[in-house]
Amino acid sequence: MALVKRFALAPRAVRQLRRVRSVYMAGVLLSALGLLSLDDAAKGGGRQTVIAGVFLLVFAALLTLTAVQLWRHGRTEHCSTAKKLSPLI
């Protein structure tokens, strides 16, 4: 992992990631709810079930990516720029 260059996120980017995280969480929950309700209605599967599953997969991937980005930003010991941009609370 020595080839991975680490850099700090700007404070604006961190705020945007925190805001969009709740949108992705709502997307995951609504997609899962839709998938569960469609599963009961269409026992044989179908196009709507596949689309709801794809939405669930996409929102879960986006939520995971956002969580990883915020987690990496929280680890400020690796970069002096991150220490300067992140206030110690």
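Both V20 and M25 belong to a single network of hydrophobic side chains, linked directly or stepwise wherever heavy atoms of I, L, V, M, F, W or Y lie under 4.5 Å apart. Y24 and L30 fall into different hydrophobic clusters, defined by Ile, Leu, Val, Met, Phe, Trp and Tyr side-chain heavy atoms under 4.5 Å apart, directly or through other members.
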Please set out all donor-acceptor pairs under 3.5 angstrom arising from side-chain atoms of residues 50-57, sequence neighbours excluded.
none

Ignoring hydrogens and angles, write down the donor-acceptor pairs under 3.5 Å from the side chains of residues 59-67, residues two or more places apart or on other chains.
from	atom 1	to	atom 2	distance (Å)
T64	OG1	A60	O	2.8
T66	OG1	L62	O	2.8

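Looking only at side-chain heavy atoms (C-beta outward), V23 and R19 stay at 4.5 Å or farther from each other.
Shortest non-hydrogen contact noted between S37 and G34 is OG-O, 3.0 Å.
Between the side chain of S31 and the backbone N or O of V28 there is no donor-acceptor pair closer than 3.5 Å.
For Q69, the side chain to side chain contact (heavy atoms under 4.5 Å, CB included) test picks out L9, L17, with sequence neighbours left out.
Taking a 6.0 Å sphere around CD of Q48, one finds it holds 12 or fewer heavy atoms contributed by other residues, nucleotides or ligands.
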